[in-house]
Structure formats: structure tokens, C-alpha cells
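Note that the structure is predicted; figures quoted are calculated from it, not measured. Lettering follows sequence order; numbering is per chain, from 1.
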Amino acid sequence: MKTDTSTRRRRFNAGTAGAVVLGIIVLLTLLAPVLAPHDPLAQDLAHTNAAPGEHGYLLGTDQLGRDLLSRLLYGAQTPLLVGVLAVLCGGVFGTALGLLSGYARGWADQLLSRLADIQLALPAILLALLILTFGGQSTAVLVLVIALTGWPAYFRLVRSRVLALRTSAYVEASRLQGAPAHWIILRDLLPGVRGLIAVTATLDLSRAVLMEAGLSYLGLGAQAPAADWGLMVAEGQGRLLSSWWIAVLPGLCLVALVISANLLGEHLSRRKDTGGEPRRALSRISRTRTRSAA
Amino acid sequence: MLRFVLRRLGLTLVAVWGALSAVFLVLHSSGNPAVMMAPVGASEEQIAALGRALGYDRPLAEQYVTFFGDALRGQFPDSLTFQQPALTVVTDRLPATLTLAATALVLACVVAAAVGLWSGAGVLRGRRPGAAREWPMGLVFLAQSVPGFFIGVLLVWIFGVRLQWLPTSGASGAGALVLPAITLACGVVPPLARVFRNSLTGELARPYTRTGLALGMRRGRVLRHAAHGSMLPTVTVLGLEAGALLGGTVIVENVFSWPGVGQLVITALQNEDYPLVLADLTFLITAFVVVNLVVDLLYGVLDPRVRHSNGGH
Amino acid sequence: MASATPTAPDPGGPPLLEVAGLHVAFDGTPAVRDATWSVRAGEIVGLVGESGSGKSATGLAVLGLHGPAAEVTGSVRLSGQELVGADEAALRAIRGRRVAMVFQDALDALNPYRRVGDQIAEAYRLHHPDAGRAEARERAVEMLARTGIDRPEERAREYPHQFSGGMRQRVMIALALVNEPELIIADEPTTALDATVQAQVLERLVELQREMGLAVVLITHDFGVVERVCHRVVVMYRGRVVEQGTAAAVLAGGRHPYTRALVASVPSTDDEPGSRLPTVPEVVRGLLGEVDGETLADPSLRVPDGAVGLPAAARETTGPGRTGAGRGTPTPADESAGPGDGAATAAVTGGVDRADAAGASDAAAGDGAPAGDGVSAPGGSGDRAGDGPATAAVTAEGGRADAAGATGAGAQGSALADAGDGGAVAASTPAPLLSITDLHVSYPGRFGRRTTAVRGVSFGIAPGETFGLVGESGSGKSTVSRVVAGLYRPDSGQVLFRGEDIGGAGRRGRRKPVTGIQMVFQDPYASLNPDRTIGDTIGAGLRFHPTFASLSRGKRRERVAALLTEVGLDPDLADAYPGRLSGGMRQRVGIARALAPEPELLIADEPVSALDVSVQAQVLNLLADLQRDRGLAMLFISHDLTVVRHMATRVAVMRAGEIVEIGDRDQIMERPADDYTRALLEASHSVRRTAA
Amino acid sequence: VGTGTAATRATDSSVVIGLSAAVNTLDPMNTTSVGSDLSVLSSVYSSLVTRRPDLTIGPDAATSWDRVEPDRWRFRLNEKAAFADGTPLDADVVVWNVERLTDQDNGLRMTSNFASLLRAEKVDDHTVDLVTDGPDADLLGALSFLYLLSPDWTEDHDPATATMGSGPYEITDYAAGGNVELRARDDYWGTAPDIDRVTYRITPSEAARVSGLLSGELDVVAGLDPQDLERLRTDRALEVQQSDTTRMAFIKLNTLKGPMKDVRVRRAVNYAVDKESIATSLLGGTVAPSPGQLLTSDYAGYSDDTSGYPYDPEKAEELLAEAGYGSGNPLRVELTVPSGQYVAGDLIAQAVTQQLSEVGVRARINSVPFTVYMQKYLVDQDMSDMQYITQAWPTLAAGGLYNLFVSDSPYAYWKDAEFTDAVTRARTETDQDERDALYADAAERARAQAPVLFLFPQPGIAASSDGLDWQARPDDWVRPAEMSWKGND
Ligand SMILES: Nc1ncnc2c1ncn2[C@@H]1O[C@H](COP(=O)(O)OP(=O)(O)OP(=O)(O)O)[C@@H](O)[C@H]1O
Ligand SMILES: Nc1ncnc2c1ncn2[C@@H]1O[C@H](COP(=O)(O)OP(=O)(O)OP(=O)(O)O)[C@@H](O)[C@H]1O
Ligand SMILES: [Mg+2]
Ligand SMILES: [Mg+2]
């Protein structure tokens, strides 16, 4: 079907664009120590709120005279680190539970499904606020909170796919061959959800980044004086009147990061093998939570 | 049908119960709430007395039971910062949040419907999805990638500060509603528009669309039938979004100083106003769950197949 | 069969619809090429051809229902009015009013969210803008009544999903007829239906056609349907009209080899049971050479040329797709139907369905002996003997293999067939391999209720015997097979395999399936894990088998290669993923997988119903050959009586979870005791392949 | 009546006041938040005396007063004074209110501000005596916070959620935490205010407050961020007022444990911070660094004699080296700051840590919600090494603020006998000069011992619509009764 090929090609380009931008952001973040013209924390109190280009600051300075360009370069560290770790934790946890729950069924499945329901009944942002306020703030807690609000997406997707697959002819064939449960889960079911997980994880990454930014914005994520995009927007929003760049530039960086992750995820999810399922499910699950987070 | 309703109701109660238990546990895992609640400078004895008065010295299990007993009757201790029943504080703020959320929801529905129908009409004309004509979807995609708080900040900057067209804070007058409602809607439009568009184009790809055309229907009529068919997933997402909307108010109300429950919950958390946090969260969670229950029940109305199969879908 | 014999219309009348030089292409890929045919008023024209031959594309082109993605050129005239390139408004006036369409799957073709009465009324009002709601409703009810729906008033208020498949199709017809069009294009209106229902719907369609003087274009790939209802037939092959003419003439011996091949590859009640079926590619290839000099999209349809460098011995016995070898040895097989030879014979024919292309084409050419198989090659059997347990098992049960062989041999002549059948039955009675007694199975339903799918089923299968299970959809056939395979636990009843109860009724938890029973699944696309290589899929059966588990990697690969060869596939496919394979090839992989643990009982649950007619014959041949070759017992499930008759020696007929009749094949086919069996028989319309 | 937009407003004579914090309770005895709760309630309730915009004490419900004995003050009440429901505001009312306030069991937050007050005694219907446990020079200042409730009304109303006062306004709309609307009472017994309608709009976000001002949504906002000064000044429809407040900003050092026990370290950090440049860059030059004082010049008892710690990083490093810290053994400290609580507080804390790092001090910022901060500070008595805070004593008595630094104060984290002694003696000293001398001693002791990192007074920036006549106050009060529209009598 040529129709498919040509549309896929076009999407592929958008997907590649996403991957490239994402790659660039990651690269810039990794190379920040080399590339940044200034220490992201160094203040120049004589030149606070400098406009882009003023006093030799390419993108201007913030209220404390810190170089915005340097801060932007460092600013993705926390979101990316927290995002990737949270996606890993949530993804592994959700996928493992989804596989087991979907294959084994029974009361454990019921229990976990209810748990996921409950998890969904708590708007993610509220849960995160609650835990961060009463459980203390640290990167580890942040990762856990974001992972905690992310696992139901994987769990539900994987579980529903596994529910469909477990009675599929090829799984039944494996059972007839005498394959043990763990083998079926690892060799028959896991490959079947691989694509699904890849897409979910990519889209979940954008959710995690958005949530980290949202929490940092509310003062519960990264802490001053750290350079963190979400925090920088919060710090700069009071200065919109006179120095818009302090808030707007990090905001735009955040948008670029999220867009690229989304583009990539979109692209992956449009590929045949995942049948657009994760997008749909995510729009039911994580997207809504991302929204509430941001 | 009745059994279906009861089953959903049961699940709903389980979800509410679980969510509240989670809140309860998180709050109690952080130590004796009386310490936080005692006024500044309170002595050990005063804290202990307060703890006794509120029952925090009793076994956790017992407190848990009391908490649920009270919560069921809508009873929470007095808010520490407001010195009045926590639930009253919440319900006082409710109209503001509901106004905002309802406006945003209506706005989001209108936009999502427009975007979806635009795409649907394109598909019906044989255009491939993703083509340039689908620029509204591109905008939706963009909106989905911008953090809500940043949208708010941008809107304040552009319309409030630069152009000075619209008020940027407070709940006074219809004008003040515009920017927060748009910001809040921005969070809901993407999932809604996507789901509506995708299911609409999905419905259009189904053979009954071809049947309609083969019978001599106009495209508009075919589109209408397909839109009817895509209501089910759309309403599902709408339900979830209505809940997410409540979560979204947390940020939007803060950006725009909108005096609703969302702002309240942040203040309560910051002030460690334990009873108020409980009441507020209980309320938000219940609202979320109820909205989704309503959505579940709507399924039957929307899709005859659900109605006749007595549930399970 | 209560066939509504078509009454031929006036042959001299002017054509109602004239299709001339029609081209349809999708993104430059042609789907219909230079098609020219016509329909006269009151005439039923069958548009036949295998899947993908462009039948639907033609039908849609008539009403301009293709999207802009399709390029449509040529000419379609309705009473002289040109429709290709006509504007929307003009087309809208014709659609549904003068020309209506009936689509295949009525559940999807009807709007699931609206009451059927409303849908029909809406269709009416589309072309009768002056008609009031009440009038349109009345009209809808009237149409429902006319298409044979009981209590039409009530049912008009129901939704499509509340109708059975056949009812839906009637609604679809009502929808098409409500504006009394001149022409109906019915695109496979009955393909998804059960045989009995299919007959009813077709009958009703023909009645209405006669009452209303309609012209009908009936798109189908079923020659049985063509034979029963069509006046004329248009045969399409790969986008082209390769033949047209009166139904009788085409079926009796079409001029085009493709037509003949298609007709021949369908099992027929006139065939000798168990005979080899000629397959389309062989026939086409044999008579036509490379079609249009182009490569076919479906690799399973491809006839590779030249032999591949396999050892001569292997080539003879296996020769999968290596037709060079197979074709080279078309030895007549009439000599040896003797005891002990049955296995050998089977071994040679095993999987080599293409190998005997010449023989098959002979058959198609009309020499009256379509079963030109049994390429006897004693040397081959020696080779196989070295292959291991498979052959050993067969030899050990020589007596029964004998019986199977006799069945196979029945192909050679009817005189022998009787004896063979008798032998098979006799052999199965004393020591059944599988014996099921009073099986009850239920599924969990909604709200904790359980729905019973199988009640009180009992039967036995002797070693080496093919036992057929027929019945309409939902009668519980698959449920029985799943219980036998150990995939589902029955509520009660005994499932004795080799004397051991494997049913596990009443126990909890999942039970471990017995490797001695393997299964070939219905849907070749769902039965292979797309993420695992074919070799891995097949090899897993060895890995977990008590005796083969100890095999080294290399040995396992070898066995996998041998299995692939045995089912007629290139052993190199072991490293491929299923994505590349066609349906037919996948089904062969599925069969190889089932064979890997050396089962004694093979369950084939509708192994061909998802396959194209042109591939069906290949798979049926392969199964029959393997069964004979390996002395397998087989539980063969189908809803198609002709297929079951072709494969099985004993048959059970199921209905609503119970066995209504069980017995010897011929007894069931010729002297059915049960009404339901008779209805099934009547509905199963197969082509009477009367000699030309 | 003027013209233009101001005129439109003037005719309906209403103002919209932007508040940065919500009004949490309506019980004036159970809150100490001057900027929000009390600012609103001071328009609804009256007190015996009131502090005027120039910070002097003036009459309210009491027309005159004198000290009949060192520990007994006599107040004569305005005979017209009455509550909105007509109940007269008489001596019984005062006695009841003092009883309510002094009863520890009521757990009212205001109680601790009246530590010396023993009781009220009715002399006649319109005369009442207040008795203290000793001479208290600051009593009048404190009494400007004693808002009087009606005893009868309180019996069947909850003062936390409803009001019925004797002040110039009544509340027409209030939901917990939401906007508050006031309307001038027709039957107010005192001078009728100019402004009829007042809306307090809760606007926690600085950006929203500023844009609200610029767009004309808000008429009055106090407590603005100095960095917005420039932008606000360019707007001709606004009048910007800038002053020092009575609130002193400093960084408290925990002298009880950790590195800050060492006075050399405390002095070192004082020398290490460039207060001047912080004041210039972050506070728009609106304030001058404090000369090493805990008080602003508005306090009675302020001493002009002290000199502060100039910016001298070398000296700081020297002192640190003396105390044993250097590159091999850097000083590590934690600086806690209540997020968003104080004007530019978060920025100042960041600037301070950065400057400390330049002399080799590794300071880590711990930004926490205010309540958490207060919890650690006062309840847990677990203050970190350094903590940003601003303090003021509402009554503007030196003794009041200094009392927060005496050895047994939970606020102090500093046990200094000399300072405590001077302050304690000053409080009971009746001779003005003696008292000033004692306070000067205390100030010098505090400077030398450096229990805090001295910064500057918190800047007070207020902006109002150009047409509004209003004098911004150095304390936190925002009172609509003190406002009027120009050209509107
Ligand atoms: N919308 C389309 N886009 C691209 N290719 C198409 C489209 N519809 C049909 N085709 C291609 O055109 C060819 C003819 O398809 P068509 O549906 O007419 O076959 P058919 O004879 O009806 O087969 P079947 O019996 O399976 O219905 C096929 O190769 C098919 O893949
Ligand atoms: N997993 C299941 N859960 C619930 N009901 C089932 C399940 N599988 C089958 N059934 C029901 O059991 C009955 C028998 O089904 P089964 O699949 O055995 O029929 P079948 O004869 O194989 O039909 P077909 O020809 O359509 O394959 C049907 O009514 C079906 O709806
Ligand atoms: Mg077709
Ligand atoms: Mg079946």
C-alpha cells in the first residue's frame, strides 16, 4: 500500500526531527560544562536583568545577574535526569506488574487493577504535592513521585495487551508446546508489548518532564539556586513586565524538549505494531495527568 | 442495567476509599499531625493536649476508622488557618472553581469539536491524515507540549501586561475569567481533540460510512453520524479530563490568583493545614470519581451496544 | 439444496450497466485493469475471483465511491449515463436510488448506533424528500417484512447488534432496496455467514430480485453461490476480466485455465473423499506459464522455477516449493495401495502439494481422475525411516497406518474406498487414542453467571484416524478442541488420552498440556508470534519436550529444518520472522510447530477457513498427506461439510453444544439421521464438477 | 468631581486593594497578620486607640487616656461609640474583651502580645481602667491591636466567620481565603470615611499584582518588589510611594550550636556580604544597609551610634582562618529561607550564599514553606545555621523587638547575659534617657556579638492610582479609611 508508505515517510520526518532535537538537547546538557560561557550560579549583581546581548550576555541575565545562556544549558539536567529515572522506574514497575497481572489473572490482577484505578482517581499533581510536602523534597522523592503517577499507564496498557495476547493462538501454541509461564511471559508476551512500552516511555518522558517542571514551578521540585527550566520560569514570571526573557526563554526550552519527545513518541506510536494504542491510552491516562501537573 | 450501575458504583466507592486511604497514610506517615497543627510556640503539653483533643494519640487503625466515619458524614476538623469547618472553607471556594472549570470545559469542547470536525471533513474528502490541512491538529499538538503554567505566564504577559486587554488575576467579572479559562482549556483540548478526531476518522473509515455514501447521503450527514459514533471514547476522555481539569486548577488558579479550591489546596499544603488538606483532597477526589461515574453511566445512553450488553466493555 | 433456480432474463435487452475499459489504480498500482462487462435489467451477474482480484474495487468504482486516492478511468454507463467523472450531485442522485450496494459485513456496514428502522427510513427520505417521517417508517417496516424479518414493527426499533448475522444481512438488503433501485451491487453479502443462513439469505435475495425485476451484480469468490443464483459470470484475475459467460458454461469448463483451476480447487461433494485437490498455482502455472510475466504479490502463490540444490533423495521426499523435483516425478500411483505402503505413499506426497502440479493439471484438464497423487517412491520411504521417531511410531502401529493408508488409497477408486473406510472404522473401535465422555464445558459470563458451551459430548478417536467435527458457528467445536488440547478446563466429563484422564475436570489452576496432542490454529496470522523467528517458534516444542529437551542447539536446528522441509517450506526460513510470510506459508509453519513434539493427535481447528480458496487446497493436501505419512490421529474441525467429508473418516455434527449425530462419513453424508444434519447438507452448496 | 477615569471611580468612590495573602480568619483576636487579616478587620472593628499613619498613637473608641498609676491606665470612651447592631460600646464591652484576650484557655493568637495586661476594670459606663503587672511603656502601642467585639453578638455568632463591629465598614462578601468586600456603614459613629466600597482582591502573585496595577484593575497595592519600581514609576496613572518599613531584614545565626557559636565566624559572614550591592541591585537602591542594628529608626529606643560591618571579604577570610576554616576545611552552612514570604527574600538569600562562597563558605539554601520554617524555628527549636527573617514589633517599641533576642526567648538562639540584662532593665526603666542609654548599650552589644547577619530594613513600596489620596505607611497596615479620591470631598 503506497498510501501508507508515503504518509509514514512524512511522519518519519517529524519523528526524526523530534529525535534530533531531543538528541541535541541531551547533548547540549551533557556538554554544558564545556559550552557554558559562565558558571550558571555566578551572580553579577552589577548587571542584573540584562537584556539579551547586553553587557556581553548573549541571552541576558536574570534578577541576580546570572548568565541566562549558561543557566539554560544546565537547566535540562534535572528534568532529564528526573524524567529518565522516573520513566525507568515507572516503566519497569508498570510493565512487570502488567505482564504478571495480565497473564496470571486472579485476585492479584484484580487487586492491582483496583490499585491502578485508585492511582488514577488521585489527580497526579495532588498526590505529588501531598508526598512532596509531607514526605520531604529530594530528587529521589521527586523521581518516585513521578514514577508513582506514571506506572498505571504502563500497567494498564501492558495488561490489556497481555490479556488479549494470552488467549491468542500463538501463546496457546506455546503452552501446548509445554512452555513454562516465565518463558511465555518473557518470550511471547514481552516482545509483544515491546513497541508499546517504547512508545509509552517516550510519551511518558514528556509527561515526566512536564511534571518535574510543574512541581519545580510550584517550588516543590528543583530548589534555588539550581538552574532548572521550570524553576526559572517561576523565578522569572514576576519579571515579565520588565525582563520577559528570564521566564520566557526557559519556558521555550521546556516546550522544545517536550515537543521533541512528543514528536518522537507520536512517530513511534503510529507505527503499525503499536496500532496507536499507547497514544490513546496515554491520552486517557498520562496526558491528563501531565496536564494537571503542568 | 441496574447491575451495571451498581457495579460501577461499587468500583467508584473502592476508588474513593483507596484514594482517601492514600491521603490518610501519607499524612500520617509524616508523624504526629498535632505537631504541625499546634500554634507557633506551643509547648509540648499543648501539643499533646491538642493531639488528644483531635484523637491523634489513639491507635492508627482507630483513627483510620474515625476518619472514614467522619469523612462519610462530610465532617472534618476545623481548618487551622481559617478556624472554621474545613468542608465549609472548601465549599465556599467551590463556585469559583466550578465556574472556571465549567467555562474551560465548554471552551475545550467547542475547540475540540471544531478541530475534530475539520479533520473529519478532510478525511471524508479523501485527504490523508497529517496533511497540511490538518494544521489545527498541529496547534493542538503544540498546546499539548506546552506546560500549563507557561501558557498561563505567556497569556498574562501578552494579554495582561503587553496589550492590557484582559485582567490577569482575581475572580471579578467575566473578563477575568477569560485567561484562566483559556489556560485551563489548553490542557484539556489536546487529549479531547485528539481522541475525538481519531475516533471520528476511525468511524469514518468504518464501512457504515461507505454505506451512507452509497445510499446517497451528503458528506455533512455522514459526518454527523460518524460524530455520533465517536462520542463514546470522546466522553470517556472528557470524563477523565474533567477530573484532570480539577487537578489543572491547582496550577492555573495559582498563576491567575483565582480564589478556588485549587489555590486553596496549595495554601493548605503550604500552611500544613492538615484538616483542610484532607477536606480539599477528599472533595477533589470525590468530584473526579463522580464525574467518571457519570461518564460510565453515559456510555449506555451513547452506545446501544453497551446498553444491551449489561455493561462489561 | 432449495436453490432458487435463476430465471434468465431476455438476452436481447439493452444493457443496464455497461462497464468498459475500467481502470482503477491506487497510487499507481493498478487494482482493476481494462475491465469490460455489462449487466442487463433483471439479470444476476456473478463477479468472481480470488481475494485481491479487484472485485470490490470494480463494484465501488461503479458508484464513484473510491476516495480521491484512487484513480478511476474508463467508462461506466448506467442506461447510457456516464458515471466516471460525474459530479457529486449527479452521483448522489443515483446512489441508493437507482443503484444500491450491499456490503459484506453487515454489522459494520450498518450504523451500530442507530435503530435499524431509523436507518432504513432515513435512506428512504434521502431520495423522497417529501415523504414524512411516518411514511418513511412504514416503508422501513414494510421493507423489513419483505426481506423476511419477523415482527418487523418491533425489530425496527432494535439496533444492529441485536440481530443475528443473517438478519443483519437482510436489514442491509432492505436498506438497499428501500428506494427500489434498478441495480444492486452485492459485495460478498453472505461470505461471513453460516452455510444454512447463507442459503436463506441468498434465497431471499433471489426472490426479491425476481419480484422487483432487479439487476444484481453479485460479488463473490464462491462458485457454489455462482452456480446456484447467477445467470452470467464474470471472472476476474489480478485485476483483469479473464472470462465471462453464462454460469453453466463457465462452471462446466471455463476456457480460461484460471477459472478452471479455481473451480477445481474447491472440495466438492462429487469428489472422492480424501483425494488430492488440485491447487490453483499449479494449474495456472501448468497451463499458462508465468502470468503476465509479473511476480505475484503472495509468495505462496508463486511457483518457483528450477530445482534448488538439495540432495536428490531429500528432493524427492520433501521438495517443498522446489517444484523442479516434484514436477519431475509424476509417476502414476495406481499400483500400490497395499498394506504397509500407505505410510510410504503419504511420505512422498507429504507437503509436496506443488510437486504434483502436472498431475493436478491433468485432473483439471478433465481426465476424470482429479486425484492424481500417490507419487510412489519406495526409496523415499527409506529415507524417512531414518528420520526418527515419527516413522518408528508409524511402523509400530502398522495396522492402523494401514487403515489410514487404505483411506488414502480410496482416492484411487471407489471400489477400494469402501474397503478402506471399513478398515478405518474397524481399527478405531477397539482402542481409542482419545476418548471423551460426557463433556460439559462452560465459560464465565457476566455477573458471575456461566454460559454452557458444550454439554454432554462424547466421542472417541482411534490412532491414525481423522475425526471430523462440523457444526455452525458457536456450536462449541473450538471449545471441545481447546479442552482436548488442555487449554481449557471442562466442568465435568472425562478426557482420556492413551487411557489417562487429561481433562482435569473439577481441579483448580491451569493444567499442563500434554505434548502428545498438538494443534493447528484457525487464523494463521494470529497463531505465529510476530516477534519470534520461525525456527524459534518451531524449536520451542522441542525445547520443552521430555525427550527432545536434551538436544543440542545444532541438533535442534537440524530438526527444525527437517520439519520445515516436511511441510513444504524452505529450511532457510527458520531465521525469518513471520511478517514476511503469506497466510498459506504461515499455516505450514503452524503445522510444522504442531509436528515438532511428535504428537499422536493433531487438532486442526478450521485450518483453512481463514485462507483464500486458492491456498486452501494446498493446506488440506498437506494435512491429509501428513496424517497418512505419520499415522497421526486428527481431530478435524470445520463448519464446511464438504471439507470435512473430504478429510475425515468419521464425522460428528454439533449443534448448540451437543452432538446431534455421529457416525461414519458416508452414512452421515448420504443417510443423515438428524434434521439438522440434513439442513447443513442442503445448505452446503458445492460446485457440481460434472465432467465437461 | 474630577474628570477621566479617576472621576468615574470617584463617583462611586470605591477602591480595589490588592492583598498578597488571603484573609484567613475574621476574628481579630486570633490573628497577627497585619498585612492581610488585620488590615481588613481594622476597618470593621474599632480599638481603644489607633496608630496613625505617622506612627503616633491617636484616639479611636477612647477619646482620651492617662496613666493613673504606673501600672494602671484609664480610658474614657466615646459615648457615641456603638456596634453596627446598635449595642453601645461601653466599659463592659472592654472588660469582656480583655477577659477573653487574657484567658489563656481561649488560645487566641493575640494573647502573647499582651503579656503584661492583667485585667480591665469598669469605672463607669464610659470609663475603664486597664491594669498591667508592672509599668509597661508599650501598652498603648499594643492596645492599638485590641479590636473590640460585641459580647452579646459573640454568644450566638462565630467571630471567625462573621463580623459585627463598631468600625467604619461592614463586610458584605467574604469566603474563606477569597476576596473580601466592604461597604461603609451609614450609621458609623465616627468620621465617615471617603471611600464607600472596598474590594480586597487576593493576589498572591507579584506579577499579577503589578499587572493589575498597570491595567488599572487594582487601585492600591503595598509591599511591592523593588525590582518593579522602575516599571511602575514610568506609568503615569500610578503614584509610587517608597519608604523604609519598620521591619528589619537580617539573617539569624544559630549561636547555640554549629559553626555560628564562634563569634569570629559570625563577624566573618557579616564582613563577607556586600549589603550595599545587594540593596542596589535587588532592592533598587530603596534601602540603605543597616548600621549593625536590629531596629529600624522608627523604633522608640533606636540608637544612632552604632556602625555596621562594611563589605570586607579579606577580613572575612582572615576571621574564618582564625576560626579554623580555610580551603582545606571549608565552612559549610545551611541557609533556610521561607519561600515567597518576604520581599525579595529568596533572591537576597541566593545573593548572600553566592557572596559567602566567594570567601570560601559553602552555603546551601533550604527553601521551605513559611509554616514549615516557623515549625522548625519555634516549635522544634531546630533552626539551621542561618535563616533569613524579617522582624518587626507592631507596637514599635525597642523593648518589644529586643525581647525577641533575650536569652530565654524561643526566637533568640542567642544567650547573651549582657544584652539580656540591658534589655530587661530598660523595659522597667521609667526614665526616658536612662532607658535610651540602656537600649544603646544593648544595640552595641548586639552589633559586636553579631547574633545576626545585619542586612537592611525591608523596603516598603506601595503604588496606588494617581487619583487616590493615600499615604503609604511604614508599618504593614492598609486602611481604606485613610484613603480618598482626589477632588472628591
Ligand atoms: N483503498 C485502497 N488503497 C490501496 N489499495 C487498495 C485499496 N482498495 C483495494 N486496494 C487494492 O486493490 C486490489 C484489489 O482489491 P479489491 O478489494 O478490489 O479485491 P477483492 O477482489 O474485492 O478481494 P476480496 O475478495 O478480498 O474482497 C488489491 O490488491 C488491494 O490491495
Ligand atoms: N472465551 C470465551 N468466553 C466466553 N464464552 C465463550 C468463549 N469462547 C467461546 N465462548 C462461547 O462458547 C460457545 C461455543 O464457542 P466455540 O468457539 O466453541 O464455537 P465454534 O463452534 O468453534 O464456533 P466457530 O465456528 O465460530 O469457531 C459460543 O456461544 C461462544 O460464544
Ligand atoms: Mg472485496
Ligand atoms: Mg471455532
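Residue A:Leu257 does not touch chain B at all, counting heavy-atom pairs closer than 4.5 Å. Using a 4.5 Å cut-off between heavy atoms, B:Val153 contacts chain A through both its backbone and its side chain. In this structure, the portion of B:Leu154 lying under 4.5 Å from any heavy atom of chain A is its side chain and not its backbone. Looking at A:Val233, the atoms closer than 4.5 Å to chain B (heavy atoms on both sides) all sit in the side chain, from C-beta outward. For B:Ile266, the part sitting under 4.5 Å from any heavy atom of chain A is the side chain, from C-beta outward, and nothing else.
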Does the salt bridge (Lys or Arg N to Asp or Glu O under 4.0 Å) test come out yes or no for A:Arg71 and A:Glu235, once each step is laid out?
-> CA-CA 13 Å; A:Arg71 285 178 75 72; A:Glu235 288 174 338; 3.8 Å; yes
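For the residue pair B:Arg197/B:Ser230, the side-chain donor-acceptor check at 3.5 Å is not satisfied.
Shortest non-hydrogen contact noted between A:Leu196 and A:Leu157 is CD2-O, 3.8 Å.
Ring pair A:Phe93/A:Trp151 is perpendicular by interplanar angle, where above 60° counts as perpendicular and below 30° as parallel.
Salt bridge B:Asp280/B:Arg93: absent, no basic N to carboxylate O contact under 4.0 Å.
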